[in-house]
Every structure is written in structure tokens, then in C-alpha cells.
Amino acid sequence: MAKEKKTSTLGDALRRMLGIKPKKQLNFEEEEALQSPTKVIVNNFFHRPTAVFGLVVFVAIFLFVMVGPHFMPIDLGHSDSNLANIAPGYSMMKVPKRMIKEGIEDITAGQTYGIGLSQAGKIYTWGNTKVSNTIDLKNVPHELTTGEVKVAHMAAGNDHAVAVDEDNNFYFWGNDRLGQFNYESNSELNRALMLGNLEIKQMEAGNQYTAILDTKGNVYLWGNASTVDLDCRQAEREVEGMTYKPRKFQGHIEKIAASSNAYIALLDDGTVAYTGLQKEAPLNVNLPLALKDGSVKVVDIAASSQNVAAVDSTGKVWVWGVATHGEKNVPEMPSKPVKLYGGRFHYTALLENGDVVSWGDNMYGQSEVPASVEKAEIVDLFSGGYQNYAITADGDVETWGLKGFVCGTDEQGRDVLSRIVNGGKTTMTVGGIAVVISTIIGVLLGGLAGYFGGKIDMFLSRIAEIIGGMPFLPFALILSAIIPKDVSVTTKMYIIMVVLGVLSWVGIFRLVRAQILSQREQEYVTAAKALGVREGTILRKHIIPNVMSVLLVSITLDFATCMLTESTLSYLGFGITAPTPTWGNMLNTCNDSIVIQQFWWRWVFPAAIFGLCTVCINLIGDGLRDAMDPKSNGR
């Protein structure tokens with residue numbers, strides 16, 4: 001007779017969850033005859049689809065938050081206002097296919113979006129273009145998207161964009177709250193436009209300002225003058241009794257490099273100069289002398305957020321200014337760089353042999369040139385924000401850098417997904433260790449009270465009643481509030497673990513005490529005493545193992561309770577505080593009507609995974625309780 005093939009318990013459970021009929025199963029009598037009590041409990045558990053669902057999902061979440069931090073580490077000191085409250089999406093470098101089909105003429109990248117000009121004269125936008133609820137950079141003027149006008153230049157700022165056609169007509173879209181559209185404020189630019197002798201060579205945009213360079217070497221700027229030095233006029237003017245003569249640099253500027261709040265000029269004699277009035281600006285103070293006095297001839301310049309890079313005729317790259325993201329760590333290059341491009345915290349160089357090199361901050365992969373770019377023939381490069389775009393000889397585009405955020409960002413520009421992962425590890429660790437502490441205390445005291453009874457039982461039961469009679473949450477808040485503010489986050493986390501453990505052992509104590517009061521009258525205990533087994537050994541090796549099945553259910557449910565309590569403390573501001581993430585303090589930052597209405601992803605994702613995790617733990621606990629109930633074996 002052929003041997004009947006057996007199927008795994010987990011496999012049967014998964015088949016039931018998917019609605020697939022299980023394979024041949026043993027009847028009740030066969031199960032009882034062939035399986036141990038433990039196997040019966042396991043079979044009973046896995047015959048409950050809701051319990052199996054809870055186990056599978058909880059294990060997945062547990063592995064996700066425990067293993068995830070190794071792949072998604074966080075820098076607790078990191079923040080970036082330019083990435084604040086970015087909606088979920090993965091399209092920051094998704095260049096429209098229609099634009100690629102028409103041929104790419106130009107690309108300019110903002111912090112979280114891109115603007116492209118096709119060879120058909122049409123402007124396209126992509127990425128996170130939303131500035132506010134009412135301002136969206138995808139709302140490009142109609143004439144620019146249809147090709148009705150011929151665009152000559154365009155630029156993308158932090159929250160505004162500008163384009164100029166061949167007839168020097170200006171087109172703006174985006175935010176105009178701080179004068180980003182007010183080019184009429186520059187009298188020299190107005191005069192050149194009126195005379196009709198303005199021929200634009202270059203256009204750049206930064207943080208709420210715009211700069212253009214004409215073919216005569218003159219620079220014109222407008223926008224928010226409180227954050228950037230916009231004074232670069234040629235006419236004489238008087239300030240506080242002093243007469244300023246016309247700029248000696250105007251008429252000699254070959255190229256400008258615009259950082260977030262400043263700009264640097266490359267002059268026609270190969271030197272570099274700061275042409276504004278704020279002579280104490282870091283970009284001017286730290287400007288290398290060799291670049292100012294003509295000791296070396298500069299061939300190109302580019303700007304990052306707070307620093308500038310220049311490449312001289314020998315191929316040496318100079319970087320000066322405030323460089324906190326590795327912008328000064330220029331790598332060895334196999335060939336001489338001939339062209340520089342600047343992003344927010346990184347630079348990209350096109351080399352003489354056609355290779356491409358990037359360096360600086362690599363948090364989003366913007367400094368890691370992909371193999372596809374190294375193999376392709378690159379004819380043009382565009383960099384900005386956290387993105388890079390390389391145009392190949394066949395007209396295709398290769399991109400590397402920040403594509404977006406799966407779960408969006410918070411108010412400080414931090415990735416919500418990475419904080420959920422790392423915060424979940426903290427929340428589960430605190431909840432797990434608190435349960436271990438409460439279980440040890442509850443089992444130890446409950447075992448003593450239940451087994452020995454008498455005065456010991458009376459004393460321990462009164463202590464348990466005192467602890468159990470305390471209002472748990474207010475008392476936990478008081479204990480958390482008296483923790484000194486100067487303690488480290490790690491120390492505070494340990495204290496919270498102990499507080500939760502010390503205050504939550506009463507339920508386990510009562511359960512263990514009641515079970516042991518019943519178990520100590522059983523025959524196996526009497527037999528052990530007759531054999532001379534010591535009381536401690538009987539309690540530890542005989543009675544406690546017999547109550548562990550019931551205790552396991554309580555531990556499982558208490559784990560979810562401790563997680564909820566820790567998150568409640570953090571939500572109320574008494575637990576682990578930011579920047580260390582927990583699911584509770586992530587939700588605490590969303591305790592605002594504006595956030596709830598406008599930035600839904602900041603609370604939906606943490607609340608969803610936390611709620612799902614808690615529900616799954618309770619499903620596991622309920623499944624264990626039913627599986628260990630003898631009545632559940634009935635068919």
C-alpha cells in the first residue's frame with residue numbers, strides 16, 4: 001500500500017486563507033492518536049485563517065522593522081527644508097516620453113522637479129511641482145506648452161520658474177510672493193529692454209531670485225533682496241553719504257554660477273570674482289587668491305547650495321565656500337574635466353574623454369554615476385537639485401539621483417518610510433523588553449504567591465492590588481515627566497522600558513497565581529513531594545511549564561499593550577522624543593489640523609502600520625487562546 005503523503009500545517013493554513021481546498025487530512029481520532037499535545041495546539045492554531053493571517057503579517061512587519069534599518073539607516077541630525085512635506089511619488093526624474101521623442105533641447109532642474117525644452121519648442125514639467133495648495137509649477141503658461149513662441153532660455157528656482165522667448169518676452173509661473181516675477185524692479189534691465197539691445201546669453205534661478213547674463217558681459221538680478229545680494233547696477237548711486245562708482249566687473253562677465261543665496265562670476269580674463277556688495281559673504285571671503293589674481297586660468301564654474309567649484313586650464317578643480325556634504329572631496333579623474341555642473345550638494349563633471357564623474361553628497365544616489373552612463377556616449381549634461389540628466393548620442397536620457405519618496409517626507413524633509421522602519425524597531429524593542437520585565441516579575445511573584453500561599457500570598461496580593469489600583473497612564477506620565485531633560489535618548493528609552501515593565505506585571509501575576517493555586521493540588525505535585533524534590537524545583541520544573549501555555553497568550557496580548565502605551569507616551573510628548581523616531585512621536589508631529597488635511601501621508605502610513613501590527617498581535621493572541629482550549633478540538 002502506498003504511503004500517504006503528508007502536507008505541512010502552514011501549507012494547509014495558507015491554502016485555507018486563499019480559499020483552496022486542503023489535501024487529505026487526518027480525522028479527530030487519528031490526530032489524537034498520532035500527535036502530541038503541542039502538535040494538537042499547533043494544528044488548532046494553523047486551522048484558524050485569521051490567526052495565520054495575523055502571524056504572517058506580524059512576522060513580515062517584524063522583519064521589516066528589524067532588518068530594514070540596516071538598509072535604510074537614518075541620520076538623526078539630517079534635515080532639509082527644500083524637501084519638506086513632499087508627497088509620496090517616484091517621478092522626480094521621470095522625463096516625459098513625448099519630450100524625448102521630440103528631441104531634448106534643454107533641461108533645468110529645481111529641487112524636486114524638472115523643466116525641459118524640446119526641439120519642437122515646447123516646455124514640459126515633471127516631478128513634485130506643487131509649491132502650495134494653490135501654486136503648482138506644472139501650470140506652465142499655455143504659449144510655452146504648445147510651441148506658439150520660441151523659447152530661448154529658461155531657469156528653475158526653488159519655488160518659481162522663468163522663461164524668455166527670442167523677442168525677450170518674459171514668462172513666469174510658480175510663487176511670486178517675494179518678487180520673483182518683478183523683473184521691472186531692475187532699472188538697468190528695463191533700460192536695456194526699452195532700447196532693444198538686450199541679447200541674453202545665460203539665465204539662472206536660485207532661492208527666490210533670478211539672474212541673467214547678456215552677451216555684453218552684464219548681469220541683471222531681481223527677486224527677494226533680503227536673502228541674496230541683488231545689487232549689481234552700473235549706474236552711480238549714493239548710500240549713507242558714500243557714492244558707489246559703476247561696477248568694474250560689469251561688461252566683463254563670461255558666466256555666472258548661482259548658489260541658493262549668492263552668485264559668482266567668471267570674467268573674460270579667466271579670473272573669478274564676487275561682483276556684489278556683500279564683501280563679507282563666504283563665497284567672497286573664501287575665494288582662492290589664485291583664482292582672483294590670474295595665477296591660473298579658469299575655464300568653467302558651477303555652484304552648489306552654499307559653495308562654488310571652478311576648473312582651471314590644467315584640469316584642477318577648486319571648491320570654496322561652506323561645504324558640509326563632501327563637495328570638497330574631489331575624486332581622482334581619468335581625464336581633464338572641461339565642464340562643471342552643480343546640484344544642491346553635489347557636482348558633476350564632463351571629462352575631456354567623454355566620461356562623467358560626480359561627487360559630493362550621495363544620500364539619494366546623486367553622486368553615483370550608473371554603469372549605463374559610463375557605457376554611453378554623452379553629448380550633454382544637466383544637473384540641479386538632487387538630480388542629474390545625461391543626454392546620449394542617440395537622443396535618449398540617462399538619469400541618476402533622487403527619484404522621489406515612497407511614503408513622502410515630513411516637516412523637516414526626512415524620509416517617512418525610513419523613519420517608520422527605524423521608529424518601528426524602537427517601538428517594538430521598547431514593547432518587547434517591557435513585556436519581558438513584566439513577565440519575569442509577574443511569573444516570579446505569582447509563582448511564590450500561588451505555591452506557598454498564606455502570608456506570602458497575602459503580602460504579594462496586597463502589593464499587586466496597590467500597583468493595579470494606580471491609574472496606569474497618568475502614573476506613567478508622571479514618572480516620564482520627572483526624568484531629567486539632560487539624559488540621553490538611549491537612557492530615557494531604558495527608563496521607559498523599566499517603567500512600563502514595573503507597572504504592567506499585575507495581570508500576569510494574577511494569572512500565574514490562579515493557575516498555580518490549581519496546579520499545586522494536582523497528583524504530579526504530590527508525587528514530586530513524595531520523592532523528596534525541593535519546593536523550588538517543583539515550582540520551576542513542573543508547575544511553571546504547565547501554566548506557560550496560558551501565560552503565552554497573556555504575554556502576546558501584553559506586547560501589543562506595551563507598544564500602544566509607549567506610543568501613547570511619545571504621542572503625548574512624555575516618551576522618546578525626536579529626532580529619534582518612534583511610531584508614537586511620528587504621530588505626535590501630525591497633531592495639527594493643517595497636517596491632517598494637507599499632508600495626509602505623514603500620519604496615514606505610521607498609523608496604518610502601527611494599527612495593523614497591533615491588530616495582528618491580538619489575532620495571534622486570540623488564536624493561541626482558542627487553540628489551547630480543549631473545546632476547540634470539536635469538529
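No side-chain donor-acceptor contact under 3.5 Å links Ser304 to the backbone of Asn307. Judged purely by atom type and a 3.5 angstrom limit, Asn422 uses its side chain to pair as donor or acceptor with the backbone of Ser418.
Using a 4.5 Å cut-off on side-chain heavy atoms (C-beta onward), Met428 and Cys613 make contact. Gln412 is not listed as a side-chain neighbour of Leu83, based on a closest heavy-atom distance of 4.5 Å or more. By the 4.5 Å heavy-atom criterion applied to side chains, Leu619 and Phe53 are counted as neighbours. Counting heavy atoms from C-beta on, the side chains of Pro579 and His78 never come closer than 4.5 Å. Under the 4.5 Å side-chain criterion, counting only non-hydrogen atoms from C-beta, Ile420 is in contact with Trp583. Contact of the Ser438 side chain with the Leu500 side chain is not registered, since no non-hydrogen atoms from C-beta on lie closer than 4.5 Å.
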Trace of the side-chain contact (heavy atoms from CB on, under 4.5 Å) decision for Asn82 with Tyr386: CA-CA 11 Å; Asn82 287 280; Tyr386 308 87; 4.1 Å; yes
Met92 vs Tyr113, side-chain contact (heavy atoms from CB on, under 4.5 Å): CA-CA, chis, key distance, verdict: CA-CA 5 Å; Met92 288 188 185; Tyr113 68 98; over 6 Å; no
side-chain contact (heavy atoms from CB on, under 4.5 Å) evaluation trace for Ile617 with Met563: CA-CA 11 Å; Ile617 293 173; Met563 288 175 55; 3.8 Å; yes
Working for side-chain contact (heavy atoms from CB on, under 4.5 Å), residues Trp505 and Val443: CA-CA 9 Å; Trp505 58 269; Val443 170; over 6 Å; no
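In this structure, Leu531 places its CG atom where more than 12 heavy-atom neighbours from other residues, nucleotides or ligands lie under 6.0 Å away. Applying the 6.0 Å contact sphere to CD of Glu368 captures no more than 12 heavy atoms from other residues, nucleotides or ligands. The local environment of CZ in Arg534 is sparse, with at most 12 non-hydrogen atoms from other residues, nucleotides or ligands closer than 6.0 Å. Tyr524 OH: more than 12 foreign heavy atoms inside a 6.0 Å radius. More than 12 heavy atoms of other shown residues, nucleotides or ligands fall within 6.0 angstrom of atom CZ in Phe452.
Between the side chains of His346 and Asn388, a donor-acceptor pair is found at a separation under 3.5 Å. In summary, the side chains of Arg177 and Asn224 do not present any donor paired with an acceptor at a separation below 3.5 Å, with no hydrogens or angles considered. Checked by atom type, the side-chain pair Asp626/Asn44 shows no donor-acceptor distance below 3.5 Å. Residues Tyr364 and Asp415 bring no donor and acceptor atom of their side chains to less than 3.5 Å of each other.
Rounded to the nearest 0.5 angstrom, Asn585 CG and Glu566 CD are separated by 7.5 Å. For the atom pair OG (Ser81) and CD (Glu411), the distance works out to 12.0 Å, reported to the nearest 0.5 Å. We find the CG-CG distance between Leu448 and Asp457 to be 10.5 Å, quoted to the nearest 0.5 Å. Note: Cys562 SG to Ile433 CD1 = 11.5 Å, rounded to the nearest 0.5 Å. Taking CZ of Arg419 as the reference point, atom OG1 of Thr409 lies at 11.5 Å (rounded to 0.5 Å). A distance of 6.5 Å separates CD1 of Ile620 from SG of Cys616, quoted to the nearest 0.5 Å.
Nearest approach of Leu511 to Ser554, heavy atoms of both residues: CD2-CB, 3.6 Å. In plain terms, the two heavy atoms of Ala464 and Arg510 that are nearest each other are O-NH2, 4.3 Å. Nearest approach of Thr614 to Asn618, heavy atoms of both residues: O-ND2, 2.8 Å. Of all the heavy atoms in Ile86 and Trp601, the pair that sits closest is O-NE1, 3.3 Å. Between Arg513 and Ser461, the shortest heavy-atom contact is NE-OG, 3.5 Å.
Taking a cutoff of 4.0 Å between a charged side-chain nitrogen and a carboxylate oxygen, Arg344 and Asp80 qualify as a salt bridge.
Proximity of the aromatic rings of Phe610 and Phe605 is defined here by a centroid distance below 6.0 angstrom, and this criterion is not met.
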